[in-house]
Number of protein chains: 2
Amino acid sequence: MGATMKDIAKRTGLGLATISSYLNGGNVREKNRIKIEEAIRELHFEVNEVARGLKTNRTKTIGIVIPELNNIFFAEIITEAEDILRSHGYATMICDCRSDTEREKEAVDFLYHRRVDGLIVMPTGTSDPGFQKFIRAGKPIVMIDRKMKDVCCDCILVDNEGAAEDAVNRLVRAGHRKIGMIAGPEDVYTARERQRGYEKALRENNAVYEEGLMARGNYTIAGGAKAMRQLWENNPDMTAVFISNYEMTVGAMMEINDLGIRVPDELSVIGFDNVDFAKASVPRLSIVTQPTAQIAQEAADTLIEKLQERDSAVNQKEDGQDREKTTVTVTLKTGFVEGCSVKASEKVS
Amino acid sequence: MGATMKDIAKRTGLGLATISSYLNGGNVREKNRIKIEEAIRELHFEVNEVARGLKTNRTKTIGIVIPELNNIFFAEIITEAEDILRSHGYATMICDCRSDTEREKEAVDFLYHRRVDGLIVMPTGTSDPGFQKFIRAGKPIVMIDRKMKDVCCDCILVDNEGAAEDAVNRLVRAGHRKIGMIAGPEDVYTARERQRGYEKALRENNAVYEEGLMARGNYTIAGGAKAMRQLWENNPDMTAVFISNYEMTVGAMMEINDLGIRVPDELSVIGFDNVDFAKASVPRLSIVTQPTAQIAQEAADTLIEKLQERDSAVNQKEDGQDREKTTVTVTLKTGFVEGCSVKASEKVS
DNA sequence: ATGAAAGCGCTAACAA
DNA sequence: TTGTTAGCGCTTTCAT
């Protein structure tokens, strides 16, 4: 179908090696360069990356495994990361595992068969779905958003604990004492972190911490709605609530509307992620924001760096052993967008 | 690094063809099957899909080109499609071209080099970014959401005109006469279709159609906000508005809140896409919904079918020529989710 | 700077 | 059913 290097060689009367050299930025006599370029144009030649991949044992492809593509937070990161990787010549194979550990395993396996050069992952569960295979094969992994005990790799995290702490502190500073939280599932890393921040803020401010002030929402819209209702019914004296992810923020707002709760007069609210939603809410929501673009940039950069390290290590085999597995963990700061959903309570401490 | 078929052959004392046959579901003597499976397990053998792809000229990979991954409508479709394709053994390479025709060209080229077997695309512009190359190579393309004159391929569309018409009709039936529309960019297929539906509904109902009642919002949040303000300022007697995509719906709602417009008392609103946002709005928005899962299913099915057709055509070469390029265009119905954002006006016709 | 030739891991004739 | 062999399109020594 398409022309191959052989065709170019024949057409130009040159050898295969010369064509290859030309294609890979090697030195070629001016005269030949022109001939080659002409032939390429006339024969519509395009490098076959598959063949190249077979030979070099590098597919120039990165696998991405995420819990949900259909989720703005993840989607924003992936968009950025894909863009950066592609600009470096890397294709990305995205696998959405629907927050299911079984599917996650399949996805990792799938990508392994496809011989991707590296992985960017947001692990769903707490146990390794097969990352070790990649590590053993010397293929770098960058973990995003969540950390994992038994897998040794680079991590790009967000200061979830700090974010939650800061949010709750803002409520405390506004004079609130009975502050509820809608937390995520216990088995999710970020959820635990955010919960810890909430508890820390309360402790340090000598505010009340009661079991009943924390409801779990499972990181879903429906979960957020249910948790909100539960909190509202069980805590008539609660004056503020901190919601710890986007989906639950949406769900909670739905429920708040249904219950006819006036924000911020009856209840102050701080949500999470998605500035657009926050701005379109009535009243505008105050929210914690995550640096999605930065996460993507760090992740892509880290991975590409590791990949290049590996490439050059092949050429100058000398340092084959002293390649210490130095892994980096970057923790990024969150942001805060002020809305009108927090009311200064009577007493300001 | 990993074991190859050769290793398995050596280990079992069998020939390469036998191993290959086993791997591809051929018949192998029970005794040998066991030996092979044992060797595979012990050597941790995994098929190298890259090598297989080189040989068969099939990468079992589908390219997806979309304007924005970071957009719920697209993301929902992609998630579904990826899932279906993967379950059929196809990997997907997603390229987000940021609604930029230049990037779109690059993406199509990129995927061509990667030798993907087929394409699912939502074209950004109106001219071919390189699809012909795929068609010429016999690689199927399925176009989603938008249609394109000069490219002959299967299309999965949505009845945009009907959707808009229906929405506006609802407003008319509720007694509205001065109905505004926030339309999308003129060069986007769906935008034109939706606008046509709006105009048709007005015409058929003898309602007023004035230039000033239509504002263009560019399919973005900011655009939607600006268009809303413009409509509101120029049409003091407008009692209802139809917003023709999700982002603009969000933007319009922000502006409505900022302007202090009471919905639906002062203004009735019908938005587009994203049920979650609609439900979380105050009041709950009435919206047009698109069948994202169905779109994905149709697209994936159509593509897979074409792919299989092509595969079997290779084996039974007889019908090489009578492979008519029969292309299908499916148009799916939209849905409507009733909220509380439409008020019955005084006079009901 | 260029050419010849070997081989990456697999599939697919063709033989046996 | 199984083994042998020849490539798929590229990169990469090793000569020249």
Side-chain angles (χ1 to χ4, degrees), chain A residues 1-36 39-40 43-61 89 112-115 117 137 311-312 314-317, chain B residues 1-36 39-40 43-61 89 112-115 117 137 311-312 314-317:
Chain A
M1 194 105 287
T4 74
M5 272 174 52
K6 236 188 210 159
D7 299 324
I8 305 293
K10 212 169 291 171
R11 174 77 159 232
T12 56
L14 295 167
L16 266 179
T18 312
I19 316 297
S20 176
S21 170
Y22 165 82
L23 290 173
N24 294 291
N27 279 338
V28 174
R29 226 193 294 278
E30 180 69 6
K31 208 175 63 183
N32 290 329
R33 216 205 62 216
I34 295 174
K35 270 208 283 193
I36 295 176
I40 287 182
L43 272 51
H44 301 289
F45 168 80
E46 318 232 15
V47 184
N48 185 331
E49 297 287 352
V50 179
R52 185 180 266 176
L54 175 61
K55 183 67 196 178
T56 59
N57 202 23
R58 279 175 179 57
T59 53
K60 284 280 194 175
T61 301
Y112 188 77
H113 286 165
R114 293 310 188 117
R115 297 294 196 268
D117 294 338
D311 280 358
S312 53
V314 169
N315 294 339
Q316 10 157 336
K317 289 199 176 106
Chain B
M1 195 104 283
T4 73
M5 272 173 54
K6 236 187 210 159
D7 298 325
I8 304 293
K10 211 169 291 169
R11 175 77 158 232
T12 55
L14 294 166
L16 266 179
T18 314
I19 315 296
S20 177
S21 170
Y22 166 82
L23 290 174
N24 294 292
N27 278 337
V28 175
R29 226 193 295 279
E30 179 69 7
K31 209 175 62 183
N32 290 330
R33 217 205 62 216
I34 296 174
K35 271 209 284 193
I36 294 175
I40 287 181
L43 271 51
H44 301 289
F45 168 80
E46 318 232 15
V47 185
N48 184 330
E49 297 285 353
V50 179
R52 186 180 266 176
L54 176 61
K55 182 67 197 178
T56 59
N57 201 23
R58 280 177 178 56
T59 53
K60 282 281 191 176
T61 302
Y112 189 75
H113 286 166
R114 295 310 189 115
R115 297 297 196 267
D117 294 338
D311 280 358
S312 52
V314 170
N315 293 339
Q316 9 158 337
K317 292 204 175 102

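The shown structure was predicted, so the numbers you read here are calculated from the model rather than taken from an experiment. Numbered from 1 within each chain, the chains take letters A, B, ... in sequence-line order.
Atom pair B:Ile19:CD1 and C:dC10:C1' shows a separation of 12 Å (rounding to whole Å applied). Between B:Leu54 atom CG and D:dT11 atom C1' the separation is 12 Å, expressed in whole Å. The interatomic distance linking A:Ile36 (CD1) with D:dC10 (C1') rounds to 15 Å, in whole Å. In this entry the distance linking CG of B:Asn24 with C1' of C:dG9 reads 13 Å, nearest Å. For the pair A:Leu14 CG and C:dG3 P, the computed distance is 5 Å after rounding to whole Å. Rounded to an integer number of Å, the gap from CD of A:Glu49 to C1' of D:dC8 is 16 Å. Atom pair B:Arg52:CZ and D:dC10:P shows a separation of 21 Å (rounding to whole Å applied). For A:Asp7 and D:dC8, the CG to P distance is 10 Å, given to the nearest whole Å.
In this structure a side-chain-to-backbone donor-acceptor pair under 3.5 Å is missing from A:Thr12 to A:Ile36.
Between the side chain of B:Lys55 and the base of C:dG9, no donor-acceptor pair of N or O atoms lies under 3.5 Å.
Dashed line: the shortest gap from a side-chain N or O of B:Asn27 to OP1 or OP2 of D:dT1 is under 4.0 Å. Between B:Arg29 and D:dT2 there is a side-chain N or O to OP1 or OP2 distance below 4.0 Å. When the side-chain nitrogen and oxygen atoms of B:Asn32 are compared with OP1 and OP2 of D:dT1, none of them lie within a distance under 4.0 Å. Checking the phosphate oxygens (OP1, OP2) of C:dA1, no side-chain nitrogen or oxygen of A:Thr18 falls inside 4.0 Å. At least one side-chain nitrogen or oxygen of A:Ser20 sits closer than 4.0 Å to the OP1 or OP2 atom of D:dT11. OP1 or OP2 of C:dC8 sits under 4.0 Å from a side-chain N or O of B:Lys6.
Of the candidates C:dG9, D:dT2, D:dG9, C:dG9 carries the atom nearest the B:Asn48 side chain, counting heavy atoms from C-beta on. Closest to the side chain of A:Met5, from the set D:dT11, C:dC10, C:dT11, is D:dT11. Checking D:dT5, D:dG9, D:dT11 against the side-chain heavy atoms of B:Leu16 singles out D:dT5 as nearest.
Residue A:Thr59 comes nearest to A:Arg115 through the heavy atom pair OG1-O, 2.7 Å, listed as atom of the first residue, atom of the second, then distance. Taking every heavy atom of both residues into account, A:Met5 and A:Phe45 meet most closely at N-CE1, 3.5 Å. The shortest heavy-atom contact between A:Ala137 and A:Tyr112 is CB-OH, 4.2 Å.
Backbone-only contact: A:Phe45 has heavy atoms under 4.0 Å from sugar-phosphate atoms and none from a base. Nucleic acid contact class of A:Leu23 (heavy atoms, under 4.0 Å, all strands): none. When heavy atoms are screened at a 4.0 angstrom cut-off, A:Val28 is found touching the sugar-phosphate backbone but no base atom.
Between A:Ser21 and B:Ala17, it is B:Ala17 whose nearest contact on DNA chain D lies nearer the 5' terminus.
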**Message:** As a check on the pairing definition, encode DNA chain D in dot-bracket form, counting Watson-Crick and G-U wobble pairs whose two distances are under 3.5 Å, and using | for partners outside this strand.
**Reply:** ||||||||||||||||
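In this structure, A:Asn24 and A:Arg52 have side chains that are in contact, with non-hydrogen atoms separated by less than 4.5 Å.
Just one of B:Val28, B:Asn27, B:Asn32 meets the side-chain contact (heavy atoms from CB on, under 4.5 Å) condition when paired with B:Tyr22; it is B:Val28. None of A:Thr61, A:Val50, A:Asn48 except one satisfies the side-chain contact (heavy atoms from CB on, under 4.5 Å) rule with B:Arg114; the exception is A:Thr61.
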**Item:** Trace of the side chain to side chain contact (heavy atoms under 4.5 Å, CB included) decision for B:Ile40 with B:Ile19
**Value:** CA-CA 10 Å; B:Ile40 287 181; B:Ile19 315 296; 5.9 Å; no
